[in-house]
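Because only heavy atoms are used, hydrogens play no part in the values below, and waters and symmetry mates are left out as well, while side chains stay in.
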Amino acid sequence: AFEDLIQQAMDEHPEASESTLMDIQSELHEMVEQQEAEKDSEELFLNPALLQKVMIESDIPEQVVKTIEKAYEEEFSDEAPAVEALVDKKTMEANAKKREQQALAQEVKALKGLKDEVFSPFYQLMIREYLNFVQVKWEEFDSIQNAKKVIVKTLFDSIYHIPLRVCIYDMQLCKRKGELNGDTGYQEYLAYCEKLTDKEYVIKLCQEYPEMTRLLYTRMKYAYHNLRSFVKRLQEDKEQIEEQLCFGKRFKRVQSIQLGGSDSHNQGQQVIQCLLDNGCRIIYKPHSMNKEIQYQYLYNTFCKKIGLPSYSYSIINQQEYGWEAYLHSKECESEEAVKRYYKRMGIHLFLCYLLRITDMHQENILAVGEFPVAVDVETMPGIAMRQEKENAEESIKCKISTTVLTSGILPTPVWSNGQEGVIISALYCNDEVKSTVKLPVIRKAKTSEMYIDYEFRKVIRTNSIPTYRGEKQYVNAYLDDICE
């Protein structure tokens with residue numbers, strides 16, 4: 001009976017998470033089992049002392065408590081004691097204060113997780129101030145395991161690169177002024193980090209660099225709201241996700257999340273990969289999935305026309321955002337399967353040519369057995385641009401732009417600053433691929449001689465090349481199949 005009241009209260013307050021209800025029910029059953037075996041179970045559920053204990057020790061939001069109190073009196077008016085007897089307000093207030101202290105302790109612990117990062121005191125202070133500013137309602141994130149740690153890490157990742165140059169420059173100024181004690185560069189770095197623990201010092205630094213401060217706040221705001229939207233939408237679509245992406249397997253919480261699988265768009269919104277506690281891994285995309293659905297339909301239609309089985313993965317499209325199944329790369333089961341893989345890749349090439357799709361490089365195609373699966377088609381449809389052809393080079397570029405070479409699938413070099421060509425296409429055979437431009441990197445980290453340098457970095461290869469018996473099967477041997 002009491003469980004029904006709790007369920008009713010939770011239904012009236014959808015902003016309270018489902019995990020709260022589960023915690024209450026778990027606590028209730030545990031207490032019931034501790035009672036004397038000879039007592040009737042109905043009497044146990046209606047025992048005012050037992051209810052009082054459950055109400056106090058369970059982490060129940062205040063508005064839910066009020067609803068339960070009212071429903072209890074209405075349902076059991078003959079047996080129910082006064083509300084004051086059921087819930088000790090002072091105890092509830094003390095318990096709420098205790099929970100706040102526990103939340104603060106967990107937040108501090110999460111911030112300490114950044115202690116090994118460069119200039120960690122600066123980031124810890126900025127993130128702590130932001131969380132205090134927005135007055136985080138931690139119960140909103142109950143569906144994420146280790147939510148505080150996840151939020152802190154998300155905020156840190158969003159701002160990591162912003163203050164580095166300022167902090168390095170300011171540290172070197174302090175060194176020239178003789179303000180850093182220490183016999184080594186590392187000791188001087190630690191002395192500067194000690195300065196960054198002073199809130200007043202950091203405030204002055206932020207006032208001196210207002211654009212840095214604006215960027216820090218803006219990026220944290222975007223990251224925080226992106227995560228809030230993800231959690232809210234996950235709760236709203238829970239049943240649909242369970243049925244369509246988890247094969248009917250229920251879940252309660254997110255065990256881990258991973259951001260940064262793609263570029264951020266539209267105020268810092270990013271793709272989020274998450275592992276649920278039912279063992280399923282899903283992808284959240286903060287944009288409409290219409291393109292992915294339409295492209296799958298076209299691709300599957302062409303496969304069917306030439307008698308090839310096609311591969312479709314589950315997609316939930318909510319117009320402004322969507323969910324999709326996480327795909328794992330697999331090996332081909334035979335050499336014939338490899339040939340079929342490249343025949344299907346030929347269909348992708350034709351669709352890219354037909355729709356002027358570009359950017360179908362190694363990160364956007366995944367080899368799932370004999371099926372090349374396009375996982376990102378954001379450039380569909382492309383644009384047919386009018387180009388001036390004032391010389392031979394421009395005429396050649398114009399001609400190439402109307403061929404399959406612009407799709408990103410075929411090996412095509414990208415030239416940069418007189419360096420040798422770099423190829424990042426889906427079918428490129430070389431595993432050693434470097435970035436097209438030099439990227440920043442920290443030298444002499446965690447010393448007072450720290451500085452920013454630039455270098456070409458190795459690009460992480462994804463699984464866009466099919467494999468058979470543990471060996472990659474490159475396109476060179478299957479040109480006829482891809483052209484067929």
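Side chain of Q255 to main chain of G279: no donor-acceptor pair is present (N/O by atom type, distance under 3.5 Å, no hydrogens or angles). Under the 3.5 Å distance criterion, the side-chain polar atoms of N300 are left unmatched by any main-chain donor or acceptor of S310. A donor-acceptor contact shorter than 3.5 Å links the side chain of N278 to the backbone of K249. Although no hydrogens or angles enter the test, the distance criterion places no donor-acceptor pair under 3.5 Å between the side chain of D453 and the main chain of E455. The main-chain N or O of H225 is found under 3.5 Å from a side-chain atom of S229 such that the two form a donor-acceptor pair. The closest donor-acceptor contact from the side chain of N364 to the backbone of D359 lies under 3.5 Å. Side-chain N or O atoms of N463 include none that pairs as donor or acceptor with a backbone N or O of A367 at under 3.5 Å. Remark: side-chain polar atoms of K291 are paired, donor with acceptor, to backbone N or O of M380 under 3.5 angstrom.
Crowding of E333 atom CD: a count of heavy atoms from other residues, nucleotides or ligands under 6.0 Å not exceeding 12. When the shell of 6.0 Å around OH of Y222 is examined, it contains more than 12 heavy atoms from other residues, nucleotides or ligands. Taking a 6.0 Å sphere around CG of D480, one finds it holds 12 or fewer heavy atoms contributed by other residues, nucleotides or ligands. Counted within 6.0 Å of NZ on K153, heavy atoms from surrounding residues, nucleotides or ligands total 12 or fewer; the atom is thus considered open. Within 6.0 Å of the CD atom in E471, the count of heavy atoms belonging to other residues, nucleotides or ligands does not exceed 12. When the shell of 6.0 Å around OH of Y186 is examined, it contains 12 or fewer heavy atoms from other residues, nucleotides or ligands.
R233 and Y321 form no side-chain donor-acceptor contact under 3.5 Å, judged by distance and modelled atom types alone. Under 3.5 Å, the side chains of Q240 and Q318 contain a donor-acceptor pair of N or O atoms.
Y326 meets the side chain to side chain contact (heavy atoms under 4.5 Å, CB included) test with Q273, R281, I283, H328; sequence neighbours excluded. Under the side-chain hydrogen bond (donor to acceptor under 3.5 Å, both in side chains) criterion, Q296 pairs with S312, not counting sequence neighbours. With sequence neighbours left out, the salt bridge (Lys or Arg N to Asp or Glu O under 4.0 Å) criterion links E324 to K285.
The shortest non-hydrogen separation linking T467 to E331 is OG1-CG, 3.0 Å. Between L245 and A325 the shortest heavy-atom distance is CD2-N, 3.8 Å. Between P121 and C193, the closest heavy-atom pair is CG-O, 3.5 Å. Residue M360 comes nearest to A426 through the heavy atom pair O-CB, 3.8 Å, listed as atom of the first residue, atom of the second, then distance. The two residues P163 and I159 make their nearest non-hydrogen contact at CD-O, 3.1 Å. A pairwise comparison of heavy atoms in G369 and C332 identifies O-SG, 3.3 Å as the closest pair.
Between I316 atom CD1 and D237 atom CG the span is 6.5 Å, to the nearest 0.5 Å. Note: L366 CG to Y311 OH = 8.5 Å, rounded to the nearest 0.5 Å. Rounding to the nearest 0.5 Å gives a distance of 11.0 Å between CG of L349 and CD1 of I357. Rounded to the nearest 0.5 Å, atoms CZ (R344) and OH (Y299) are 5.5 Å apart. A distance of 6.5 Å separates CG in L427 from CG in L410, rounded to the nearest 0.5 Å. I365 contributes atom CD1, which lies 9.5 Å from atom CD1 of I465 (distance to the nearest 0.5 angstrom).
For the pair I272/N226, a side-chain contact is recorded, criterion being any heavy-atom separation below 4.5 Å from C-beta on. Between I282 and C274, the closest side-chain pair of non-hydrogen atoms falls below 4.5 Å. Looking at L298 and L355, their side chains come closer than 4.5 Å, going by heavy atoms from C-beta outward. With contacts defined as side-chain heavy-atom distances shorter than 4.5 Å, the pair E140/V231 does not qualify. Under the 4.5 Å side-chain criterion, counting only non-hydrogen atoms from C-beta, E484 is not in contact with K339. Side-chain contact between M126 and V202: present, with at least one pair of heavy atoms (C-beta onward) separated by less than 4.5 Å. Side-chain atoms of V254 and V150, non-hydrogen and from C-beta on, never get closer than 4.5 Å to each other. Counting heavy atoms from C-beta on, the side chains of Q319 and N290 come closer than 4.5 Å.
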For this session: Please lay out, stage by stage, how F251 and L234 fare under the test side-chain contact (heavy atoms from CB on, under 4.5 Å).
Result: CA-CA 11 Å; F251 71 90; L234 180 72; 4.1 Å; yes
For this session: Let me see the working for M345 and V475 under side-chain contact (heavy atoms from CB on, under 4.5 Å), right down to the final yes or no.
Result: CA-CA 10 Å; M345 189 64 83; V475 66; over 6 Å; no
Exercise. Under the side-chain contact (heavy atoms from CB on, under 4.5 Å) criterion, do C246 and I241 qualify, and how do the steps go?
Worked result: CA-CA 6 Å; C246 299; I241 291 172; 4.1 Å; yes
For this session: Evaluate the ring pair (Phe, Tyr, Trp, His ring centres under 6.0 Å) criterion for residues H348 and F302: first the C-alpha distance (whole Å), next the side-chain angles of each, then the deciding distance (0.1 Å), finally the verdict.
Result: CA-CA 10 Å; H348 284 304; F302 279 98; over 10 Å; no
Exercise. Can T379 and R356 be said to form a side-chain contact (heavy atoms from CB on, under 4.5 Å), step by step?
Worked result: CA-CA 8 Å; T379 61; R356 292 186 177 272; over 6 Å; no
For this session: May I have the step-by-step check of salt bridge (charged side-chain N to carboxylate O under 4.0 Å, His left out) for K238 and E243, ending in yes or no?
Result: CA-CA 9 Å; K238 184 175 182 294; E243 294 302 322; over 6 Å; no
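Checked against F156 for a ring pair (Phe, Tyr, Trp, His ring centres under 6.0 Å), the options Y123, Y130, F119, Y224 give a single hit: Y123.
Taking the six-membered ring where tryptophan is involved, the planes of W323 and F230 are tilted, since the angle between them lies from 30° to 60°. Using cut-offs of 30° and 60° for the angle between ring planes, the Y217 and F133 rings count as perpendicular.
Between R340 and E335 no salt bridge is recorded (no basic side-chain N to carboxylate O distance below 4.0 Å).
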